[in-house]
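Index from 1, following the sequence. Being a predicted model, the structure only gives us computed values, none of them experimental.
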Amino acid sequence: MAKLTKKYRAAVEKIDKELYAPIEAFTLLKELASAKFDETVEVHFRLGIDTRKADQQLRGTVSLPNGSGKTVRVAVFAEGDAARAAVEAGADIVGSDDLVADILAGKIEFDAAVSTPDQMAKVGRLGKVLGPRGLMPNPKLGTVTPDVAKAITELKGGRVEYRADRYGIAHVILGKASFTAEQLAENYGVVYDEVLRMKPSSAKGRYVKSITVASTMSPGLSVDPSVQKGYTQPVAE
C-alpha cells in the first residue's frame, strides 16, 4: 500500500463532516488542492444501477455552464462544405481518408472526434482503435451530426461526457481547482440534475447511493445527495 504523504494526511485532518453541501465541499476542496499545477476536479456518483443490463445503462453528455477548464483538441471527419464549416468553427484537425490513414498509422493527436453521417462508413473502420480510447463518434453523444460547427463549439466550450462503469459509478469532470467554489458548484448542479433526469426507469431501490468530489491530489469529500437545488447555498443548520 502506498504511504500517505504529509500533505495528504494534513488534508484529511481538515475534513470535519461526514456530508457537505456542494458549496461547502468545493470551498474546502480548493483549500486542499495544494499541488503546483492546476488540479482537475471530478465528481463520482455511486448509483443503484446494474450496467450489465441494457435498460440500466447511463451515458450521455452535458454542457458545463462554466466550462471544464480543459483545452480540447477536436478532430472532424468531413468533406466539402462541412469540412470548411469545421475549420471556421475552430476544429484542430479536419480530414477524411487522410485522417483515417493517420489514425490507423497511430497518429492520434486529438481529445474528441466529430463526424458527419456520410463519413461514418469510413470511420467505422476505426472502431477498434478509437473505441477503447473513448474517441469514437457517436450519434447518441451528438458527435455524429451534419452540424459539425455546433458540436465543435460545445466540445470546446465545456461539454463533458458521463458514463456509469460496470460498478455503477459515474465519473465526471467538473473543472479546475482554480475555478471559484461557486463555479464548481454550478457545474456540479448541472451534472447532478442531468444524472437525476437520466435515471433508468428500471432502476430499483435507492438511485443515488453516494456522491464524492475530489481534485487530482486531494482526498475525497462526501456531498449530501439530498441537496438537489440551491447548489451554491450552504445547508441551513
Once side-chain hydrogen bond (donor to acceptor under 3.5 Å, both in side chains) is applied, do any residues pair with [X], and if so which ones, sequence neighbours excluded?
| X | value |
| --- | --- |
| His171 | His44, Asp165 |
| Asp55 | Ser202 |
| Glu161 | Arg59 |

How far apart are the closest heavy atoms of [X] and [Y], and which atoms are they?
| X | Y | answer |
| --- | --- | --- |
| Pro146 | Pro117 | N-CD, 3.7 Å |
| Pro65 | Val190 | CD-CG2, 3.6 Å |
| Ala164 | Ile49 | CB-CD1, 3.8 Å |
| Val41 | Ala177 | CG2-N, 3.8 Å |

Please tell me if the side chains of [X] and [Y] come closer than 4.5 Å, counting only heavy atoms from C-beta onward.
| X | Y | value |
| --- | --- | --- |
| Leu58 | Tyr162 | yes |
| Val172 | Glu42 | no |
| Val208 | Leu47 | yes |
| Phe26 | Leu174 | yes |
| Ser222 | Ser210 | no |
| Leu221 | Thr212 | no |

Salt bridge (Lys or Arg N to Asp or Glu O under 4.0 Å) pairs, two or more places apart, involving [range]:
| range | result |
| --- | --- |
| residues 166-190 | none |
| residues 105-117 | Arg73-Asp111 |
| residues 131-155 | Glu154-Arg159 |

List, by chain and number, the other hydrophobic cluster members for Met217, where Ile, Leu, Val, Met, Phe, Trp and Tyr join if side-chain heavy atoms come within less than 4.5 Å, directly or indirectly.
->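 Joined to Met217, directly or through intermediates: Phe37.
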
Honestly curious: do [X] and [Y] fall in one hydrophobic cluster under the side-chain, below-4.5 Å linking rule?
| X | Y | answer |
| --- | --- | --- |
| Ile152 | Val123 | no |
| Ile173 | Leu155 | no |
| Phe179 | Val62 | yes |
| Val114 | Leu141 | no |
| Ile15 | Leu184 | yes |

Got a donor-acceptor contact below 3.5 angstrom from the [X] side chain to the [Y] backbone?
| X | Y | answer |
| --- | --- | --- |
| Asn187 | Leu64 | no |
| Ser215 | Ala33 | no |
| Gln56 | Lys53 | no |
| Ser218 | Ala214 | no |
| Thr145 | Val148 | no |

Atom [atom1] of [X] and atom [atom2] of [Y]: how far apart are they, to the nearest 0.5 Å?
| X | Y | atom1 | atom2 | result |
| --- | --- | --- | --- | --- |
| Ile211 | Tyr20 | CD1 | OH | 15.5 Å |
| Leu130 | Met136 | CG | CE | 6.0 Å |
| Lys229 | Asp193 | NZ | CG | 12.0 Å |
| Asp224 | Glu24 | CG | CD | 9.5 Å |
| Tyr207 | Leu196 | OH | CG | 6.5 Å |
| Ser226 | Leu19 | OG | CG | 7.5 Å |

Say whether Thr143 and Asn138, considering side chains only, have a donor N or O and an acceptor N or O under 3.5 Å apart.
->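 Per modelled atom types, Thr143 and Asn138 side chains form no pair under 3.5 Å.
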
Partner residues of Phe45 under the ring pair (Phe, Tyr, Trp, His ring centres under 6.0 Å) criterion, sequence neighbours left out =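 Scan of Phe45 (ring pair (Phe, Tyr, Trp, His ring centres under 6.0 Å), adjacent residues dropped) gives Tyr192.
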
If you look only at pairs with a residue in residues 73-97, which of them pass as a ring pair (Phe, Tyr, Trp, His ring centres under 6.0 Å), with sequence neighbours excluded?
->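 Checked against ring pair (Phe, Tyr, Trp, His ring centres under 6.0 Å) - neighbours excluded - no pair reaches residues 73-97.
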
For residues 82-97, run the donor-acceptor check on the side chains, cut-off 3.5 Å, and write out each pair with its distance to 0.1 Å, sequence neighbours left out.
{"unit_1": "Arg84", "atom_1": "NH2", "unit_2": "Asp81", "atom_2": "OD1", "d": "2.2"}
{"unit_1": "Asp92", "atom_1": "OD2", "unit_2": "Val74", "atom_2": "N", "d": "2.8"}
{"unit_1": "Asp92", "atom_1": "OD2", "unit_2": "Lys156", "atom_2": "NZ", "d": "2.8"}
{"unit_1": "Ser96", "atom_1": "OG", "unit_2": "Glu79", "atom_2": "OE2", "d": "3.4"}
{"unit_1": "Ser96", "atom_1": "OG", "unit_2": "Gln119", "atom_2": "OE1", "d": "2.7"}
{"unit_1": "Ser96", "atom_1": "OG", "unit_2": "Lys122", "atom_2": "NZ", "d": "3.0"}
{"unit_1": "Asp97", "atom_1": "OD2", "unit_2": "Lys122", "atom_2": "NZ", "d": "3.4"}

Is there any side chain to side chain donor-acceptor pair (under 3.5 Å) pair reaching into residues 27-36, and which pairs are they, with sequence neighbours excluded?
->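 Every candidate side chain to side chain donor-acceptor pair (under 3.5 Å) pair involving residues 27-36 fails, so no pair, neighbours aside, qualifies.
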
With sequence neighbours left out, what residues match Glu39 under salt bridge (Lys or Arg N to Asp or Glu O under 4.0 Å)?
->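 Here no residue qualifies.
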
Which residue, Val43, Val213, Ile23, forms the side-chain contact (heavy atoms from CB on, under 4.5 Å) with Val223?
->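 Going through Val43, Val213, Ile23 one by one, the side-chain contact (heavy atoms from CB on, under 4.5 Å) with Val223 is satisfied by Val213 alone.
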
